[in-house]
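See below for the structure under consideration.
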Amino acid sequence: EHLKSELANMKEELTTLKKDVRTKTSRLATFEKSKEDVEKELEKAKAKAAQHEEKSRALTHDKSQLTNEKGVSERECRVLSGRVEAITKETEKLRADNKKMKDVQAACAAAEKKSESMTIEVERLTASSEQAIAEAQRLSSDLAVLESKLASEREEAEANKEEMDKLSSVLKQT
């Protein structure tokens with residue numbers, strides 16, 4: 001009986017152990033499957049990590065290039081700013097010159113108007129002068145005629161005086 005009971009215990013223990021082995025085998029299969037899944041995921045993660053590392057290298061390279069380009073762009077910007085400043089100064093100078101030129105043009109226009117009015121005045125004075133010259137020539141001619149008449153009248157008066165002196169001397173003698 002004791003052996004029977006031990007055998008029954010052992011059978012029970014064997015059944016329990018078989019169940020445990022099945023359970024553990026099942027768990028082992030599950031763990032194996034999980035391990036394979038994890039290994040696959042690990043491989044995927046490694047591949048992704050490699051991709052990310054390659055992308056990171058490319059991004060680092062791009063960043064380096066962009067940093068260099070930024071430096072070049074900043075230098076170009078400074079050069080262009082200098083050019084803009086020079087162009088702005090030149091533009092301001094041209095505007096000032098343009099204003100001066102407009103002032104000179106306005107002064108020239110005023111001088112031209114004054115010149116036109118002076119030309120009209122000169123023409124009026126020239127016509128007036130020509131009239132005065134013509135009048136002076138007429139008066140000079142009249143004066144010459146009058147001087148000629150005066151000379152002739154003086155001669156006549158002189159002749160008359162001499163005659164009067166003769167008559168007066170004859171009268172005094174009588």
Side-chain angles (χ1 to χ4, degrees), residues 34 36-174:
S34 291
E36 286 174 14
D37 290 345
V38 167
E39 284 175 347
K40 285 178 185 177
E41 284 183 37
L42 178 64
E43 287 302 315
K44 286 180 185 177
K46 283 181 181 179
K48 264 190 175 178
Q51 285 177 345
H52 285 295
E53 190 174 326
E54 185 59 36
K55 282 183 182 178
S56 176
R57 271 191 236 116
L59 289 173
T60 302
H61 179 70
D62 289 349
K63 179 184 176 188
S64 175
Q65 282 183 326
L66 289 173
T67 301
N68 289 339
E69 288 176 13
K70 178 184 175 192
V72 169
S73 294
E74 286 173 347
R75 282 188 294 279
E76 288 176 354
C77 188
R78 283 192 296 273
V79 167
L80 290 175
S81 291
R83 286 182 185 168
V84 165
E85 188 176 327
I87 289 170
T88 300
K89 285 180 181 178
E90 185 64 24
T91 301
E92 288 171 4
K93 184 178 178 276
L94 289 173
R95 283 187 181 141
D97 289 348
N98 190 28
K99 184 185 180 314
K100 286 178 187 176
M101 199 158 115
K102 284 181 180 177
D103 291 346
V104 167
Q105 285 174 341
C108 284
E112 192 172 320
K113 281 186 179 182
K114 182 148 181 134
S115 174
E116 286 173 6
S117 72
M118 291 177 91
T119 300
I120 291 169
E121 182 64 16
V122 165
E123 288 171 357
R124 187 188 64 74
L125 290 172
T126 301
S128 177
S129 175
E130 288 172 354
Q131 287 176 351
I133 289 171
E135 182 65 19
Q137 288 173 345
R138 188 189 59 76
L139 289 173
S140 179
S141 175
D142 289 351
L143 180 63
V145 168
L146 288 174
E147 284 178 342
S148 172
K149 282 184 182 178
L150 181 62
S152 142
E153 284 184 15
R154 277 190 185 152
E155 286 177 11
E156 200 178 302
E158 197 58 42
N160 285 340
K161 184 179 175 197
E162 285 178 16
E163 212 177 293
M164 269 181 67
D165 283 345
K166 283 184 187 173
L167 283 176
S168 183
S169 120
V170 170
L171 278 177
K172 277 191 188 179
Q173 287 180 0
T174 46

Query raised in the report: Taking NZ, NE, NH1 and NH2 as the nitrogens, is one of them in Arg138 or Glu135 under 4.0 Å from a carboxylate oxygen of the other?
Result: yes

Query raised in the report: Please, which pairs that meet side chain to side chain donor-acceptor pair (under 3.5 Å) have at least one residue in residues 44-53, sequence neighbours excluded?
Result: Glu53-Arg57

Query raised in the report: To the nearest 0.5 Å, how far apart are CD in Glu121 and NZ in Lys114?
Result: 11.0 Å

Report summary line: One should read off an interatomic distance between Glu156 CD and Glu163 CD, to the nearest 0.5 angstrom, of 10.5 Å

Query raised in the report: So do Gln65 and Asp62 actually touch side chain to side chain, heavy atoms under 4.5 Å?
Result: yes

Requested in this report: Report the distance from atom CD of Glu54 to atom OG of Ser56, rounding to the nearest 0.5 Å.
Outcome: 9.5 Å

Residues 81-104 side chain polar contacts: donor-acceptor under 3.5 Å, at least two apart:
residue, atom, partner, partner atom, Å
Ser81, OG, Cys77, O, 2.9
Thr88, OG1, Val84, O, 2.7
Thr91, OG1, Ile87, O, 2.7
Lys99, NZ, Asp103, OD2, 3.3

Report task. Using atom types as modelled and distance alone, determine if a side-chain donor or acceptor of Thr126 lies under 3.5 Å from a backbone N or O of Val122. Result -> yes

Query - Side-chain heavy atoms of Ile120 within contact of Arg124, under 4.5 Å - result: no

Report task. Give a yes or no answer on whether the side chain of Ser141 reaches the backbone of Gln137 with a donor-acceptor pair at less than 3.5 Å. Result -> no

Report summary line: In this structure, CZ of Arg78 is separated from OG of Ser73 (nearest 0.5 Å) by 10.5 Å

Requested in this report: Give, for atom CG of Asn160 and atom CG of Asp165, the distance between the pair rounded to the nearest 0.5 Å.
Outcome: 11.0 Å

Query raised in the report: Which distance, rounded to the nearest 0.5 Å, do you find between the NZ of Lys149 and the CG of Leu143?
Result: 12.5 Å

Query raised in the report: With no hydrogens and no angle check, is any side-chain donor or acceptor of Thr67 less than 3.5 Å from a backbone partner on Lys63?
Result: yes

